[in-house]
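Written out below as structure tokens is the structure these notes cover.
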Amino acid sequence: MAWDTARTRQALLDAAVDEFAEHGFDGARIDRVGKRAGVNKERIYQYFGNKEKLFGYVLEAELDRIASTIPVTVEQAADLGDYAGRLYDYHRARPQFIRLLHWEGLRDTGAALQEPGRTATYGARVEALAQAQRDGTLDPSLDPKALFYAVLALGAWWFSVPQAVRMIFGGEQAPQTERDALIGLVRRLAGQDGS
């Protein structure tokens, strides 16, 4: 029976996403990744090289996933609250992504993985907001870079510090309540709330 390289590689990446999200780079263990995937850990070295490179592949795959799942276009920027709601939904369904970014930030070595490409992706999203401003669907008085960053932060913070959410709101909040509050805040911030 032939070995299914693509399926094995994907199983290892999926297992590595969970391992790195749970334990960070320093706490993640290659043997646990192999065990989660049901694959000999030596395949990890064969397919990915080493732990550092595996972490890079994991981040790259997760960044590609979110970029393709919820892109920011000029049309989407015309209702930035809707984008924030979809971002919230993504983080609720896939909390590993935000955790991976936090772990990456905690071990900041001065240059992020794939930084030039990621910078270009962020730049394209900021440009979509700037174009929406020129088109009159987004408040032109706002710095599009600061606005985009604020939307990312607002969309992620619910999942970054859930303990603060409980303390500020006096307990657990229904996801729809959080989502609706986020959408309203972003629309108001972006000048898209009709007021």
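As the structure is a computational prediction, the values presented were derived from the model and not from experiment.
Between R65 and E62 there is a salt bridge, since at least one side-chain N of the basic residue sits less than 4.0 Å from a carboxylate O of the acidic one. Ionic pairing of R188 and D193 is present here: one or more N-O contacts between side-chain nitrogen and carboxylate oxygen are shorter than 4.0 angstrom. Under a 4.0 Å N-O distance rule, the pair R36/E22 qualifies as a salt bridge.
Rounding to the nearest 0.5 angstrom, the gap separating the CD1 atom in I70 from the CG atom in D82 is 10.5 Å.
Contact of the F20 side chain with the L54 side chain is registered, since non-hydrogen atoms from C-beta on lie closer than 4.5 Å. Side-chain atoms of F97 and L63, non-hydrogen and from C-beta on, do get closer than 4.5 Å to each other. With contacts defined as side-chain heavy-atom distances shorter than 4.5 Å, the pair R107/F55 qualifies. Side-chain contact between F48 and R9: present, with at least one pair of heavy atoms (C-beta onward) separated by less than 4.5 Å. Taking the side chain as every heavy atom from C-beta outward, D79 and Y83 never approach each other to under 4.5 Å. Between L13 and Q10, some side-chain heavy-atom pair lies under the 4.5 Å cut-off. Side chains of L80 and Q192 form a contact here, defined as non-hydrogen atoms less than 4.5 Å apart. At least one side-chain heavy atom of L138 sits under 4.5 Å from a side-chain heavy atom of L147.
Placement of V186 and Y122 within a single hydrophobic cluster is found when ILVMFWY residues are connected by side-chain heavy-atom separations under 4.5 Å, directly or transitively. In the hydrophobic clustering of this structure, L59 does not group with L106; members are Ile, Leu, Val, Met, Phe, Trp, Tyr whose side-chain heavy atoms approach within less than 4.5 Å, directly or through other members. Cluster annotation: I183 and L189 are assigned to distinct hydrophobic clusters (Ile/Leu/Val/Met/Phe/Trp/Tyr, side-chain heavy-atom contacts under 4.5 Å, transitive).
The only member of K51, R32, R99 that meets salt bridge (charged side-chain N to carboxylate O under 4.0 Å, His left out) when paired with E19 is R32.
A donor-acceptor pair shorter than 3.5 Å can be found between the side chains of Q96 and D18. For the residue pair T137/D135, the side-chain donor-acceptor check at 3.5 Å is not satisfied. A side-chain N or O of Q131 and one of R134 form a donor-acceptor pair less than 3.5 Å apart.
Residue pairs satisfying the side chain to side chain donor-acceptor pair (under 3.5 Å) criterion with at least one member in residues 169-184, sequence neighbours excluded, are listed as follows: Y88-E178, D89-R179, R92-E178, Q176-D180. Judged as a side chain to side chain donor-acceptor pair (under 3.5 Å), the pairs with a partner in residues 150-170 (not counting sequence neighbours) are, in order, H102-S160.
Partners of D64 according to the side-chain hydrogen bond (donor to acceptor under 3.5 Å, both in side chains) rule, which considers only residues two or more places apart in sequence or in another chain, do not exist here.
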* Verdict with supporting geometry, V72 and V151, side-chain contact (heavy atoms from CB on, under 4.5 Å) -> CA-CA 12 Å; V72 179; V151 171; over 6 Å; no
